[in-house]
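A note on names: the letters A, B, ... follow the listed sequences, proteins ahead of strands, and every chain is numbered from 1.
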Amino acid sequence: MTYPRELWENTQFHGEEYPFYCFRNRAAPVRAGQQVLWMHWHVHFELIVMLKGEAVFHIESRPYDTKPGDILLVPSGGLHVGYAATDEPIEFFALVFNGSMLESSAHDRLHARLLAPYATGQARFPVHIAKRGEAGGPIRECVERAIEEFEGRQRGYELTIKSYLILLFAYLARQHPSPLAADDSAAAPVRGTERFKPLLRYVEEHYDERISVEDAARQVNLNPYHFCKLFKKMTGRTFVDYVNRHRMNEAERLLRDTDLSITEIAERVGCGNSNYFTKLFKRHMGTTPSQARGR
DNA sequence: AGGATTATTTCACCGTAACC
DNA sequence: GGTTACGGTGAAATAATCCT
């Protein structure tokens with residue numbers, strides 16, 4: 001899985017004037033349940049356009065089953081993660097952009113009234129903005145054109161993409177005239193995921209240590225049962241699975257980039273028992289550590 | 001590789017508070 | 001008063017981990 005870590009949280013984009021980034025994400029040999037989009041969040045919006053295969057994205061605690069033709073809009077700050085739903089190859093396009101992309105250079109009352117609340121996160125749209133099987137429609141068209149522009153990269157494509165994004169938001173605002181206020185109950189999961197972010201970051205940095213569910217639950221002031229329940233609701237996976245995924249990812253990197261022995265690698269990623277490490281690795285990656293190194 | 005030991009996840013069921 | 005989200009318990013089912 002290739003997902004740029006740079007997109008974590010408060011990423012700076014290359015161009016200040018056009019803060020966006022696109023990438024086509026392919027997961028060719030996939031097993032159902034495999035993670036195809038790293039769990040992360042950032043202040044930017046993210047458009048996810050399903051191109052091939054089936055995946056389930058968990059965005060702000062809610063699962064979204066997607067097939068080609070589905071388009072999701074991850075709100076600013078929204079925690080998101082994606083898993084393969086079948087063994088079929090998966091392909092999706094992700095367009096990450098900052099709300100400032102939607103700003104207007106001149107003072108514009110209409111803009112301030114219609115778009116600013118969405119761009120700044122005071123109001124939000126539903127996540128699933130276009131569904132497969134639906135007739136084209138302007139919303140889908142904006143997204144598809146923006147992608148075309150990105151892929152064509154003709155002169156000034158940044159500006160056309162920006163225009164399509166503004167257009168997209170304008171159509172969305174028209175389609176959802178009574179937007180969900182950010183503090184509305186319908187948008188409430190934000191509060192729920194907010195509390196987990198420090199913990200997720202903690203795991204990012206300490207997956208090489210022993211992390212018990214009890215400790216983790218304490219960090220977010222929940223009893224272990226509720227912690228498990230909420231964590232699963234939020235991420236679609238259990239906490240242990242989440243931690244192990246980090247470990248296996250790092251292990252794969254170490255196998256590839258270093259000459260450390262399997263035992264040493266197991267040790268480094270927080271699996272004291274190399275026997276168990278191999279078992280885990282095989283389950284997550286489909287091959288044993290030594291096979292993975294051989295390739 | 002298999003089995004023993006721990007840890008976790010989930011279940012059924014209950015209470016509270018906020019909101020309509 | 002019904003509904004929804006959030007919290008909690010003990011116990012049982014499952015899964016992780018460790019130990020030959």
Handout entry: Ring geometry between A:Y64 and A:H128 (parallel below 30°, tilted from 30 to 60°, perpendicular above 60°)
Key = perpendicular

Practice task
Identify the two heavy atoms, one from A:H284 and one from A:N244, that lie closest to each other, and give their separation to 0.1 Å.
Solution key: NE2-CB, 3.9 Å

Problem - A:D70 and A:K131 ion-paired at < 4.0 Å - result: no

Handout entry: Whether A:W38 and A:H246 hold their rings parallel, tilted or perpendicular, with breakpoints at 30° and 60°
Key = perpendicular

Problem - CD-CG distance between A:E250 and A:L255, expressed to the nearest 0.5 angstrom - result: 10.0 Å

Between protein and nucleic acid, restricted to nucleotides 1-6 of chain B and to nitrogen or oxygen atoms under 3.5 Å apart, what atom pairs and distances do you find?
| from | atom 1 | to | atom 2 | distance (Å) |
| --- | --- | --- | --- | --- |
| B:dA1 | N6 | A:N275 | ND2 | 2.5 |

Which atoms of nucleotides 10-19 of chain B (N or O only) lie under 3.5 Å from a protein N or O atom, and what are those distances?
| from | atom 1 | to | atom 2 | distance (Å) |
| --- | --- | --- | --- | --- |
| B:dT10 | OP1 | A:K232 | NZ | 2.7 |

Problem - A:F277 CZ to C:dC18 P, straight-line distance once rounded to whole Å - result: 13 Å

Handout entry: Length of the CD-C1' vector between A:E214 and B:dT9, whole Å
Key = 14 Å

Handout entry: Mutual orientation of the aromatic rings belonging to A:F97 and A:F45 [parallel < 30°, tilted 30-60°, perpendicular > 60°]
Key = parallel

Handout entry: Ionic contact status for A:R201 with A:E204, cut-off 4.0 Å
Key = no

Practice task
State whether A:E151 and A:R24 are salt-bridged, where the test is any N-O pair (Lys NZ or Arg NE/NH1/NH2 against Asp/Glu carboxylate O) under 4.0 Å.
Solution key: yes

Practice task
Provide, to the nearest angstrom, the distance between the CG atom belonging to A:D241 and the P atom belonging to C:dA15.
Solution key: 12 Å

Practice task
Starting from C1' on C:dA16, measure out to CD1 on A:I211 and report it in whole angstrom.
Solution key: 15 Å

Practice task
Return the value, rounded to whole Å, for the distance between atom CZ of A:F231 and atom P of B:dT9.
Solution key: 9 Å

Completion exercise
From the list A:L73, A:V74, A:V81, side-chain contact (heavy atoms from CB on, under 4.5 Å) with A:I59 holds only for A:V74

Handout entry: Whichever of A:K233 and A:R283 has its nearest DNA chain C nucleotide further upstream toward 5'
Key = A:K233

Exercise for the section: Could you state the atom-to-atom distance from CG of A:L280 to C1' of B:dT8 in whole Å? Expected result: 14 Å

Fill in the blank from the handout: When rounded to whole Å, the NE2 to P distance for the pair A:H284 and C:dA15 reads 13 Å

Problem - Rounded distance in Å - CE (A:M248) to C1' (C:dA16) - result: 12 Å

